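For reference, the structure is listed below as structure tokens.
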Amino acid sequence: MSMNGQGRPTRPEAAPASDAATLTGNAGLVIEEALIFELDSPGAVGVDLPPVPATAQHLGGVKPRRSIGLPQLSEPTVVRHYTRLSQKNMAIDSAFYPLGSCTMKHNPRLNEKMARLPGFADVHPLQPVSTAQGSLDLVAELARWLNTLTGMPAVALSPGAGAHGEMCGMMAIRAAIEHREGKDSRRRRVLVPESAHGTNPATAAAIGFTVDPIPADATGRVDVAALEAKLGDDVAAIMLTNPNTCGLFERDIVHIAEMVHAAGGFFYCDGANFNAIVGRVRPADLGVDAMHINLHKTFSTPHGGGGPGAGPVVLSEALAPFAPRPFVVRDASGVRIVEHEGEAGSTGLSFGRMKAFHGQMGMFVRALTYMLSHGADGLWQVASDSVLNANYVLASLKDVMSAPFEGPCMHEALFDDRFLKGTGVSTLDFAKAMIDEGYHPMTMYFPLVVHGAMLIEPTETESKATLDGFVDTMRRLAQKAKAGEADWFAAAPRHTPRRRLDETLAARRPVLRWRPPETRAQAAE
Amino acid sequence: MIRYTKDHEWVRIDGDLAVCGITDHAQGQLGDVVFVEVPEPGRKVEQGKDAAVVESVKAASEVYAPIAGTVAEGNAAIVDDPSLVNRDAAGEGWFFKLRDFDRAQFDALMDEAAYRAYVAETA
Amino acid sequence: MRYLPLTEADRRAMLATIGAPSVDALFRDVPQSARLTGPIAGLPAHKGELEVERIVGRMAARSVPVSSVPSFLGAGVYKHHVPASVDHLIQRGEFLTSYTPYQPEVSQGTLQVLFEFQTQVALLTGMEVANASMYDGSTACAEAVMMANRATRRIRAVLSGGLHPHYREVNETNARFVGFTLDARPADVDGTEDLAALVDDLTSCVVVQNPSVFGHVRDYSDLAQACHAKGALLVVVVTEVVSLGLLTPPGDMGADIVVAEGQGLGVGLNFGGPHVGLFATREKFVRQMPGRLCGETVDADGRRGFVLTLSTREQHIRREKATSNICTNSGLCALAFSIHLSLLGERGLMDLAALNHATAVGLAGRLAAVKGVAVLNRGFFNEFTVRLPKPAAGVVEDLASRGILAGVPASRLWPADPSVADLLLVCATETTTASDVDAFVEALTEVLA
């Protein structure tokens, strides 16, 4: 049997009921809210539409629909419903959210205001290019900033998020490999460190590469000797995250890039952790051929409860001709979009289209607004402060928690669960106790290369006072765990809208949608 | 007679058939099992290659065939109620039965004492 | 810098705690050759809000917003009125600035929204289950084809000539790299293609779009039966989600997978992104589905709650064996979609759809009366195709210079197919006014004269 993923309890232990129960189940500002379907009030309306003109239907023989099953609600009911739901979420706006690898930094509201300008938000992707020059100008300007910050000559803007960007970069690599002659065109092996994000092997495998894992060395970095031994004339690429998922910079990166290039392969860099080096280190100077940039991490576009993101991919000279369509070109007449092969500016080598239109325009506006706000000097300080904050957390906690690797770290500090050994408290319990204290947990059980991992990424937008409060809380929690209060941890969280949820039940008997009570009763029979 | 693999499968000979499952140690490592996929009768499986799937909430694993053979039956009971694998991994929680299996491969696997030592040493 | 809380005094104190002489020392693992010595050259210095607003505002002013002129653009992206409360609610920081709901105890808001969204999508499409959204309609379509390949263990998909060419191209990219075969049909201008004959024992799925990119509306029940008779799946693509308020849903026609672009509700145009992909299927295919799923469960006190579930299909656990490499969905757009649909409700969506159709029927009648113009559709929803007496691209440019966004010339989507050069895709929605129609008809008459 193969095993991947580290097991952890997925259903709550029996725990004493909360002692502060109210009559209604509400708890002051946090109010219980039914499903929108349960609020149905037939006859209520949330919009006032003009009357439908009496015209004959032209539906070509298709029957008009009789019912859908949606609830009817007034606007106040809808506004209150979503407002109450929002109050059950922890967010960067309200709390410290040190989720490693996710770069949960402050989301400036100027970004939101700019993205809503009608000249961006209310422009149709297929209106004549002559009427969309401002929108295209913004795209071209964002491309210029990304090229300058990375030192890379080209950028593909259409990918919808980081994983989509990885796919874009790896497709460009495969297209470039296939463009070669003979045996060289059949390279399919991709080297991926064991510490990589799960998306890396998933992406490579999805588009026809075979994944060959590389072990980490004792310092938490790629084992260079093991890597060298795996290089060969069937290797298409290496996929490396740098700074890596342990929060460490790959010291041998330039040497690794040279070795991979000498062996005829490409260097794909997972740019998820670009925030640590933005404005201070240019990926081109590390030997990178392709790197995606999560605009929702480094460039502050909001995470939105899980997207939308944007994952532009910067490309080296060797990969640029294979970039996906569409892309923008600036010439004497203004900015144009190259949508098809054969149009002026096309290379004849593009690997094709990845997404319906030109990319995540709304995210481009937010990211460029952020870049303009910071400027080159501000971005330098972003990387500096993000690394300083993480090292401050590492230095302040390493005597009570256990750090698997020597510092300095980059933008995130990694701990393992050795400090909890023998306490009966797991990484998960520890994290749930943090929630009660008002902190979003760090990333847990990732990277897979250390046991019970806790990956803390403070980002540069946290103050020293916030970090001091956090450090103090973490120290007290660690002491409490060591003092043998495992039951207290096992019962956490107690002060949240819901306590631990039964994930086992959810997976064994999936209920993925609401059904009207009568059909539910039928289904149960 | 029962034998074990290093991948935490067990195999027991029962007349003409070899019954295969995952060990109690393996189910403990997985946590609550929520989904199981067993092979169709008639499928030929090779030793050490994918034969079934077992998933807990946070881990997905392939179950390898401990020895080569032809699937005689998959255990429908664990498909209906995956928690059987947690409750009785070595008994009612079996995964599949093989016919025309490779007896020599069976003989070469670990016996119970060897498997226990192996688990103790890798823990 | 207004986004950076550390003061110089803080930085000195923190370096002292760390025991490092400078921030530069913390970057010691970066090879010296790759370390810049100061802010990157070629980019400006930081700016205040006012200055940034001016720069970005100047760019925005150089595009023509659709709402500022008569517009008849569609072809996969549709202008609808979005109620003010939608944008207000999605900007609540608890929605806007939270992450994927991996800690369910402090994410019940997002999780309940996703559970409601999944239910809304299932109801709209007439399917049993739906996921928590995808990047957009085109990537949802590509995932549907790959899911059909997995579910049927076959690798040949048939794509209708009524499928949006961009969607076809995304599939072509995947087919090349993932390794499967596509039978992509030529442009189905008149909406009469018969795909049943192309389905055989090797076909994984047939992909049709309803309404088609040319606006044709058809009943695909017979095609669904033909697919099922050969063990293939029927994938139905909907690019105008409002149409589901009027037309028989794909689920009732026998579709196995329904994917849609949800942009029409709550999201807006955004020059093509971000949008939101909807993905729905039959219960029996749940474990083959890509993307995130939210499920109902109970907490330690026995109260109803929601969690992300069946995540073992996903990349962070299965790694190279995942059903898809997707990680992010389009959460905030799904929220906007969901709020808009909640405001509309059953009656509102059906009325909105009827209003769109009636407006388009009115426009089609007026355009058909213009000399030299022919409407090609027998049945349509809010978009149809007209044949012009000369190449449509030039006509669109002429009309744009007169302040009218006349629709999408088919040549923008099929540049290599001269047979569609004189076709124009025209759309009307509830935002189209009588004076917009008058202006369009008048200007078109002049341009064609």
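Remember, predicted model here, so these are calculated numbers, not experimental data. Sequence lines set the chain letters: A, B, ... in the order given, protein chains first and strands last, and positions in each chain run from 1.
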Residue selection (most heavy-atom pairs with chain A, distance under 4.5 Å) from C/Val217, C/Leu4, C/Val307: C/Leu4

Taking side-chain hydrogen bond (donor to acceptor under 3.5 Å, both in side chains) as the definition, give me every residue that meets it alongside C/Ser107, ordered by chain and number, with sequence neighbours left out. none

Taking C/Asn270 for its side chain and A/Met361 for its backbone only, find out whether a donor-acceptor pair lies under 3.5 Å. no

Test ring-ring contact (aromatic ring centres under 6.0 Å, His included) applied to C/Phe27 and A/Phe249, step by step: CA-CA 8 Å; C/Phe27 283 81; A/Phe249 199 89; 8.3 Å; no

Going by heavy atoms in the side chains, are A/Arg280 and C/Val23 under 4.5 Å from each other? yes

Is the distance between the ring centroids of A/His164 and C/Tyr135 less than 6.0 Å? yes

Is it the backbone or the side chain of A/His374 that comes under 4.5 Å from a heavy atom of chain C, or both, or neither? both

By the definition side-chain contact (heavy atoms from CB on, under 4.5 Å), identify the one residue from C/Leu405, C/Val64, C/Val408 that meets it with A/Pro128. C/Leu405

Between A/Thr148 (side chain) and C/Gly42 (backbone), is there a donor-acceptor pair under 3.5 Å? no

Just by distance, no angles: are the side chains of A/Tyr82 and C/Ser342 close enough, under 3.5 Å, to form a donor-acceptor pair? yes

Any donor and acceptor pair, going by atom type alone, linking the side chain of C/Glu346 with main-chain N or O of A/Pro71 inside 3.5 Å? no

Step-by-step side chain to side chain contact (heavy atoms under 4.5 Å, CB included) determination, C/Thr297 to A/Glu503: CA-CA 7 Å; C/Thr297 187; A/Glu503 296 177 63; over 6 Å; no

Look at C/Asp299 together with A/Arg499 and state whether they make a salt bridge at an N to O cut-off of under 4.0 Å. no

Show your working on side chain to side chain contact (heavy atoms under 4.5 Å, CB included) between C/Leu343 and A/Leu73 and close with a plain yes or no. CA-CA 6 Å; C/Leu343 285 164; A/Leu73 310 141; over 6 Å; no

So, using salt bridge (charged side-chain N to carboxylate O under 4.0 Å, His left out) as the criterion, who are the partners of A/Glu460 when residues are at least two apart? A/Lys105

Mind running salt bridge (charged side-chain N to carboxylate O under 4.0 Å, His left out) on C/Asp301 and A/Arg498 for me, showing each step along the way? CA-CA 8 Å; C/Asp301 294 333; A/Arg498 286 292 178 274; over 6 Å; no

Short N-O contact, A/Asp385 and C/Arg11, less than 4.0 angstrom: yes

Above 12 or not: heavy atoms from other molecules or residues under 6.0 Å from CZ of A/Arg116? yes

Presence of salt bridge, A/Lys113 and C/Glu49, under 4.0 angstrom: no

Among C/Arg378, C/Arg92, C/Arg412, the residue with the most heavy-atom pairs under 4.5 Å to chain A is C/Arg412

In sequence, state the C-alpha distance, the side-chain angles, and the governing distance for A/Phe120 and C/Val56, and then conclude on side chain to side chain contact (heavy atoms under 4.5 Å, CB included). CA-CA 10 Å; A/Phe120 304 126; C/Val56 178; 3.6 Å; yes

Cut-off 3.5 Å, side chains only: do C/Thr110 and A/Asn89 have a donor facing an acceptor? yes

Are A/Asp285 and C/Arg35 ion-paired here, with the side-chain N under 4.0 Å from a carboxylate O? no

Should A/Ser463 and C/Asp10 count as side-chain neighbours, where that means a heavy-atom distance under 4.5 Å? no

Any side-chain donor-acceptor pair under 3.5 Å between C/Gln103 and A/Lys432? yes

